[in-house]
Number of protein chains: 2
Amino acid sequence: MTPTIARVPKATFRAQIVDGLRSAILGGELAPGAQVTESSLAEQFGVSRGPLREAMRQLIDEGLLVTVPYTGTHVVDLSVDDIREIYSMRVNLEIFAFELVWNRRDDAFRAGLHGRHAALTRCIDNQDDVASIEAELQLHGFVYEAAGHRILFRTWESIRGRLQLYWAAHHRAHGLRGPRRDGHDSYVANALGDDLEQMRAEIRSHMARGGQQTEAFLRGLAGPGAAAPSPTP
Amino acid sequence: MTPTIARVPKATFRAQIVDGLRSAILGGELAPGAQVTESSLAEQFGVSRGPLREAMRQLIDEGLLVTVPYTGTHVVDLSVDDIREIYSMRVNLEIFAFELVWNRRDDAFRAGLHGRHAALTRCIDNQDDVASIEAELQLHGFVYEAAGHRILFRTWESIRGRLQLYWAAHHRAHGLRGPRRDGHDSYVANALGDDLEQMRAEIRSHMARGGQQTEAFLRGLAGPGAAAPSPTP
DNA sequence: CCATGATTGATTGTTGACAATCGATCACCG
DNA sequence: CGGTGATCGATTGTCAACAATCAATCATGG
């Protein structure tokens, strides 16, 4: 799959900082709502403010940071509406991905899907929450990649971070989430089946399940009032 | 719709440069494939390389510039596959937008759609190509905005620039595009009609028409061989 | 007591200079 | 003549200092 000779990883500072900072946010070292200042981060990472600034701007673009000019930058604090949007968007993106890949599902695809499903199952059996989150992202990401549609994949990437952030926060608050495995057994079964329409339904119910958990969880945290039924731009 | 007191526009340099640079690319002053260096642009805009760098990075994110580290940055040169992806993505995004807005279509929505349709028709009658491109983007953008889904709207924004870049290049090479008006008459009619499924079909055919023109045009420019039937990531 | 305006500390925005890297060119040698 | 390594110009990457802006605080006057 990958070329035998890998390109030497000449990581620019910005790229390294993006990875490190994202890990810190997703890992919970930087809590949602926490303020992050360029100076302090620059010192922690041991670099100047220049490259760090650009890294922060990328994370702002990914929706993990929010900034207001001349004032400050904070780790994003996801609202109920945010999660609702993420899940409703995922329904459309993932159905599109399966439409693209459906008639091109080959042995490599089936093997890749089975492998990632097995990995996810293992992580759940071991009750390794952090690993199962990563494994679930790998499973879904594999589908997006197999679709072979760069814009679609990029769009998935643009929401993946926030999805992971929510999952991580959920896990730290509630521990292991029970329904995860069952959901994916039927998910994978349908993904390798013969009925595309049934797969569409599977995705809708899969996301609806996640969405319900989400709303209950976030309502419990933030209390009512933060959610507007019809968000106006 | 908008608050009576608008926020005073204290544009940071980066924001201004983003707008100016994007206009230069979409306006054709910077041709596709042309190299853009930070130094020369910084001089032209009369600012330092810092903010200009960040502006360039945003346009890289929008897909209007491509860069390779330590080497150079160029205006993107869209391939047949790129356009194909943009149009197939638009089908899904726009159908999603109409699903969201369908049961919330009110007088403001109908008026907004009619107004933008009329504006587009006027531009076409005046054979003002640049204005019709802008008007068509306004028409579609209005739908995305009315959907009230921030992630969806942001995704639309992430492909809008490249779509406009293609349209502008097409216009400069081929002049006014005939089918544009008819397509939008039936588009608006269905958008205000009662049959959501028919609107889905309308969007699919609308995009298919644009996509066909596209492929013929780009094939003529670049010659065959650049297009791979099944793109692999 | 409330409203108003100045002050201040913190944070981001901007700048110019310096360093690292790349691609092409060219001399050199077998 | 072919290939190999050094050189060079161009471009991006990085840095540390300076400027602009903001939000909160506090004094001031009614």
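Every chain is numbered from 1 and lettered A, B, ... according to where its sequence line falls, protein lines coming before strand lines. For clarity, every value in this text was computed on a predicted model and none was experimentally measured.
B:Arg116 meets the salt bridge (Lys or Arg N to Asp or Glu O under 4.0 Å) test with no other residue; sequence neighbours excluded. Partners of B:Ser158 under the side chain to side chain donor-acceptor pair (under 3.5 Å) rule, at least two apart in sequence or in another chain, do not exist in this structure. A:Arg110 pairs by the salt bridge (Lys or Arg N to Asp or Glu O under 4.0 Å) definition with A:Asp107, not counting sequence neighbours. Under the side chain to side chain donor-acceptor pair (under 3.5 Å) criterion, B:Arg22 pairs with B:Asp19, B:Glu62, not counting sequence neighbours.
A:Phe45 has its CZ atom 18 Å from the C1' atom of D:dC15, to the nearest Å. Going from atom CZ of B:Phe13 over to atom P of D:dT21 covers 10 Å, rounded to whole Å. Counting to the nearest Å, the P atom of D:dT11 and the CZ atom of B:Arg57 are 17 Å from each other. Computed from coordinates, the A:Gln16 CD to D:dG13 P distance equals 13 Å when rounded to whole Å. Across the protein-nucleic acid pair, A:His74 atom NE2 and C:dT12 atom C1' stand 13 Å apart, rounded to whole Å.
Not one side-chain nitrogen or oxygen of B:Thr71 sits closer than 4.0 Å to the OP1 or OP2 atom of C:dT21. Dashed line: the shortest gap from a side-chain N or O of B:Thr12 to OP1 or OP2 of C:dT14 is under 4.0 Å.
Contacts between residues 47-56 of chain A and DNA chain C, defined by a heavy-atom separation under 4.0 Å, are made by A:Arg49, A:Arg53. Residues of residues 30-38 of chain A having a heavy atom closer than 4.0 Å to DNA chain C, listed by number: A:Gln35, A:Val36, A:Thr37, A:Glu38.
Atom CD of B:Glu157 has more than 12 neighbouring heavy atoms from other residues, nucleotides or ligands inside a 6.0 Å radius.
For the pair B:Arg105 and B:Phe109, the cation does not sit on the ring face, since its NZ or CZ is not both under 6.0 Å from the ring centre and inside 45° of the axis. In this structure, A:Arg150 fails the cation-pi test against A:Phe153, since its NZ or CZ atom is not both closer than 6.0 Å to the six-membered ring centre and inside 45 degrees of the ring normal.
Looking only at side-chain heavy atoms (C-beta outward), B:Met56 and B:Leu21 come within less than 4.5 Å of each other.
Here B:Thr73 lies in heavy-atom contact (under 4.0 Å) with sugar-phosphate atoms only.
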